[in-house]
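What follows is a structure written as structure tokens; I'll ask about it next.
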Amino acid sequence: MIRARIAIALAFGLLSSPAWAESVLISGGKVVTNAGPMLESGDVLITDGKVAAVGKRVAAPAGAQRIDATGKWVTPGLFAGLTRVGLADIGLDDSSDIGTEGADAIGAALDAGPAFNPASASVSVSRAAGVTRAAIAPEGGLFSGRGAVVRLDGAPDSIAAPQAFILLDAGERGASQAHGSRTSLWPTLEAALDDAASYPARYRGGQTGLILSELDAQALSPFARGEGLLLIRAERAADLLQVMALKRRHTALKIAIIGATEGWRVASQLAQSGTPVLIDPMNALPQSFEQLGARLDNAALLKAAGVKVSIGLMPGGDEAFQARLVSQYAGNAVANGMRWEDAFAAITAAPADLFGQRGLGRLSVGAIADVVVWDGDPLEVTSAAEHVFISGQEASLATRQTALLARYRKIVLKPKG
Amino acid sequence: MQRFVLAGALALLFSNTALAAIATTWNRNPYPSTYVRAASAPILLRGGMVLDGKGGEYRADVVLADGKIQAIGEGLPLPVGAILIDATGKWVTPGIIDVHSHLGVYPSPSIDSTSDGNEATEPVTADMWAEHSVWPQDAGFYRALAGGVTSLHVLPGSANLFGGRGVTLKNVHARSVQDMKFPGAPYSLKMACGENPKRVYGEQGTSPATRMGNFAGYRKALLEAQSYQRAWADYAKKVEEFEGPPGGKRKKGGDGDAPTPPDRDLEKETLVGLLTGEILLENHCYRADEMIQVLDMAREFGFKVTAFHHAVESYKVADILAREGVCSAMWADWWGFKLEAYDQIDENIALVQAAGACAIVHSDSELGIQRLNQEAAKALADGRRAGLNVTRGDAWTWLSANPAKALGILETTGTLDAGKAGDVVLWSGDPLSVYAKAEAIFIDGAKVFDRTGEDARPLADFELAQPNRRSAP
């Protein structure tokens, strides 16, 4: 249907014309707006890639595509952070495991956006599970590099926000790259920020920086001046306090924390500082000496203290292929004490806010129309996405997996005779 | 071949009788289980929905007594002195059994000093026994328990062609691994197909560096095991000649000294166990075509493949696996982390079930093992959505009966049947939901976990007086 319409549009040369309008009315579903109470039965109108109306009995323009969502759930698309979707086609292979490793300890200049492969199976598999956007970043190093926000529609030009943030590690892994010691970690970080803040002046006339190469200083400089997000990995309660101290020393910096395994121990300080956190709520094991306080109710405790909580994946885990697990993660946060609304916001509106993506994560008039129709509660592991719209365009839910199923079910289930 | 199997069996028999003065085989069980079940009053779980692990779902009471499931049915009376637990609105299931875990051998904290799961120093290390690496104080055991896991099979890693023996454990607090060993459970042998062995050794410039190198390595090791098996059979024959028939009069002196036994070889003993069927083959094998190769090799050497693990492509050959009677241990949705995991489909488990083969949900993960019920729920939902004929009852067979079968312990656990071990989980709600939690867990009829109170969560030694309690300073 959509494809046919695009074909017609192309035939008349209308696709790029602003006059070309397409409307979709999704009616009668349980609507989660993230911008007010849920509508038990509501309509969502999408026009020109934006949410045009949300409410009861929304009138659709003539010719609008209609989707009956009675008995379904209608929500904003999932926003998966922090992932390597599209950065690796498969793991454990140099040829396709692209852009995932910081080559140097200080890989500030690494840039995930240009390495993103929209045709990767990890993109279509994530999309089929209702993930419409992802924050992607390289992995490893003290400074891992610059991350981007991407649309998961598979289009060749689907980088929504290049160089949106820079990832650095102020914990065990970062320390191992800063002369192998936590005692050198913070002096190294401070020196790097100093170099970046004084770029290019410090590097004129062949001068060198304290720590950073000119390339890294250039890459870090906008972030050191507060023009982009510093996403800082920290797990241990004491390390989280160090990040907040950094924020007090450099008030211009925009800082968010990823990890925060022991965040619950300093939740009130995190809340007071207004620092958003992106956490993995499934982590209940003391997997390292900076995660001794791992608890399944971390998300609930942080939220209850007033922290802005996002739920997502952590560097070094399933983040390249399993961005779709964010909904299961959020469901488990609910099972461990978080309110459903907060947990759902933690994989939609909250990460959109954390990564500075205005107009995403909510179904309100004027929002970017990343909309998903689900066959049930989207946080329930048995539910699935039935329709996925990204910037108002219905996206294909076909994947390599659906094609493989179609091929082999005929072979292995053939009637005996 | 059959003759050797018989000889081995006879040898075993002789070693257990007082009549044979000379042992004609090696000690099969030098590190025996010292597991003792906890004492408990009888327990009546009343009014819950039951997923019985055999495919059924219905309302029933369950009585646990003397370590066993004593009765299951409607309107069961409260036994004398029994503890009554109201299970109304809740679910009762057999305990989850994970056939593929590295808890204890790759424990938390995950640091170099605890990395004990892969003896990646030579490709055939069938002499390794995972139990000798298991640290019973891995916090992962405790979190897995909170997820409803009552038994688990701990395997060596997959770097090697034959990585060593796996061990089946009861998931109980213990001071030694022997205190956890599942009484009577057979050993397994971990074998790995595909990418891992060839990558690990290929990168070192040694064989195997290719998939054909993998097979050459398996076959060479198995041929050597057959020689070893023959040497012991010959020795048993010589002893028989020396001693005369059992019960008969022993020849004395006339024929010289007693025969000398072959030198023992731990590696070959494990492989002989595979050939005689004493040891089960748990085969890490992702790709369908490699599974078919392994099945041919099993025929070549006369052993049985118990289960393919990480079997992401079982759906491509599910009809053959059904015919061959081989189980597939699978993830619900892990994929992509290497090329041999690229063709995973979310309907894999359900399609294997629908084709009539034995399907198992496994974890291979200290995190996944905490939520295997959710993984089964995902696999069920994906299968039903694709129109495959799978039921909620089937889904619990993937978590208990089928893994029990693949570990050789189905006769004692894995289903809610009177006479089986009281390995039972009480769930707060439908366990095929993300929102359900294990409320109480029973192992051999005794409550070992109770989700009540802020600090009820059991802790490993490593976790004591660490900053993990809300009440801690």
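To find a chain, count down the sequence lines: A is the first, B the second, and so on, and within it residues start at 1. Computed from a predicted model, the values in this text were never measured in an experiment.
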Examine whether an atom of B:Arg371 lies under 4.5 Å from a heavy atom of chain A, and if so say whether it belongs to the side chain, the backbone or both; otherwise answer neither.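 Interface part for B:Arg371: side chain.
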Name the member of B:Asp333, B:Val317, B:Leu388, B:Leu432 that forms the most heavy-atom pairs with chain A at distances under 4.5 Å.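 Top count of heavy-atom pairs under 4.5 Å with chain A: B:Asp333.
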Do B:Gln344 and A:Gln401 meet the criterion of a side-chain donor-acceptor pair at a distance under 3.5 Å?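 No pair is found: no donor N or O on one side chain lies under 3.5 Å from an acceptor on the other.
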If you take all heavy atoms of A:Val381 and B:Ala377, which pair is closest and at what distance?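 Residues A:Val381 and B:Ala377, closest heavy atoms: CG2-CB, 3.9 Å.
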Any side-chain heavy atom of A:Tyr408 within less than 4.5 Å of one from B:Glu313?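 A side-chain contact under 4.5 Å is absent here.
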Pick from A:Ala237, A:Ala335, A:Ser383, A:Ala320 with the largest number of heavy-atom pairs that fall under 4.5 Å of chain B: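 Ranked by heavy-atom pairs under 4.5 Å with chain B, first place is A:Ala335.
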Could you look at B:Ile111 and say if it's the side chain, the backbone, both or neither that has a heavy atom under 4.5 Å from chain A?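 Only the side chain of B:Ile111 comes within 4.5 Å of chain A.
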Proximity breakdown for B:Glu366 and chain A, heavy-atom pairs closer than 4.5 Å: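 Its backbone and side chain both get close to chain A.
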Checking B:Ala460 against chain A: side chain, backbone, both or neither under 4.5 Å from a heavy atom?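 Answer is neither: B:Ala460 stays 4.5 Å or more from chain A.
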Do side-chain atoms of B:Arg143 reach the backbone of A:Leu285 as a donor and acceptor pair under 3.5 angstrom?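 Judged by distance alone, no pair lies under 3.5 Å.
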Name the option with the most non-hydrogen atom pairs under 4.5 Å to chain B; the candidates are A:Gln322, A:Glu262, A:Arg407.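 Max contact count across the listed options: A:Gln322.
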Checking A:Asp377 against B:Tyr435: is there a side-chain donor and acceptor pair closer than 3.5 Å?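 Their side chains do contain a donor-acceptor pair, which is all the 3.5 Å distance test asks for.
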Do you know which of A:Asp318, A:Thr399, A:Leu296 has the most heavy-atom pairs with chain B at a distance under 4.5 angstrom?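 The option with the most such pairs is A:Asp318.
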Does a side-chain heavy-atom distance below 4.5 Å link B:Pro467 with A:Trp264?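 Not in contact.
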Taking the side chain as C-beta and beyond, is there a heavy-atom pair between B:Ser108 and A:Gln287 under 4.5 Å?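 The answer is yes; the side chains approach within 4.5 Å.
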Go through A:Leu301, A:Leu404, A:Val334 and name the one with the most non-hydrogen pairs under 4.5 angstrom from chain B.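 Greatest number of close heavy-atom pairs with chain B: A:Leu404.
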Report yes if some heavy atom in the side chain of A:Asp375 is under 4.5 Å from a heavy atom in the side chain of B:Arg385; otherwise report no.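 They are in contact (side-chain heavy atoms under 4.5 Å apart), so the answer is yes.
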Ignoring hydrogens, what is the shortest heavy-atom contact between A:Asp297 and B:Arg470? Give both atom names and the distance.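 Residues A:Asp297 and B:Arg470, closest heavy atoms: OD2-CD, 4.3 Å.
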As an exercise: rank B:Ala381, B:Gly140, B:Pro109 by heavy-atom pairs under 4.5 Å with chain A and give me the winner.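 When all of B:Ala381, B:Gly140, B:Pro109 are compared, B:Pro109 has the most.
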Spell out, as yes or no, whether a donor-acceptor pair under 3.5 Å connects the side chain of A:Arg409 to the backbone of B:Leu351.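 Such a contact is absent between A:Arg409 side chain and B:Leu351 backbone.
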Just wondering, do B:Lys338 and A:Ile90 contact through their side chains at under 4.5 Å, heavy atoms?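 No, their side chains stay 4.5 Å or more apart.
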Look at atom CG of B:Asp289 and say whether more than 12 heavy atoms of other residues, nucleotides or ligands are closer to it than 6.0 Å.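 Counting other residues, nucleotides and ligands, CG of B:Asp289 exceeds 12 neighbours.
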Quick check: do A:Phe321 and B:Tyr342 have side-chain heavy atoms less than 4.5 Å from each other?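 Side-chain contact under 4.5 Å: no.
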Measure across B:Ala139 and A:Pro286 and return the closest heavy-atom pair with its distance rounded to 0.1 Å.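 Looks like CB-CD, 3.8 Å.
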What option among A:Ala294, A:Ala284, A:Ser288 has the most heavy-atom pairs under 4.5 Å with chain B?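 If we count pairs closer than 4.5 Å to chain B, A:Ala284 comes out on top.
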For a 4.5 angstrom cut-off between non-hydrogen side-chain atoms, does A:Leu292 reach B:Phe462?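 Side-chain contact under 4.5 Å: yes.
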Could you have a look at A:Leu325, A:Asn283, A:Leu379 and say which one has the most heavy-atom pairs with chain B under 4.5 angstrom?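 The candidate making the most pairs under 4.5 Å is A:Leu379.
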Take B:Glu375 and A:Gln328 through the test side-chain contact (heavy atoms from CB on, under 4.5 Å) and record every step on the way to the result. CA-CA 10 Å; B:Glu375 302 308 299; A:Gln328 187 179 4; 3.1 Å; yes
Check whether B:Gln374 gets within reach of chain A through its side chain, its backbone, both or neither, counting any heavy atom under 4.5 Å.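 Both backbone and side chain.
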Which atoms of B:Lys316 are under 4.5 Å from chain A, going by heavy atoms: the side chain, the backbone, both sets, or neither?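 Both parts, backbone and side chain.
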Test log, rule side-chain contact (heavy atoms from CB on, under 4.5 Å), inputs B:Trp335 and A:Val125: CA-CA 10 Å; B:Trp335 75 284; A:Val125 166; 3.8 Å; yes
Name the region of B:Tyr142, side chain, backbone, both or neither, that has any atom closer than 4.5 Å to a heavy atom of chain A.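 No part of B:Tyr142 comes within 4.5 Å of chain A.
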Any non-hydrogen side-chain atom of A:Met282 less than 4.5 Å from a side-chain atom of B:Leu367?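 Heavy-atom side-chain distance check fails, nothing below 4.5 Å.
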How about residues 341-348 of chain A versus chain B: which residues have heavy atoms under 4.5 Å apart?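 So far as heavy atoms go, nothing in residues 341-348 of chain A approaches chain B to under 4.5 Å.
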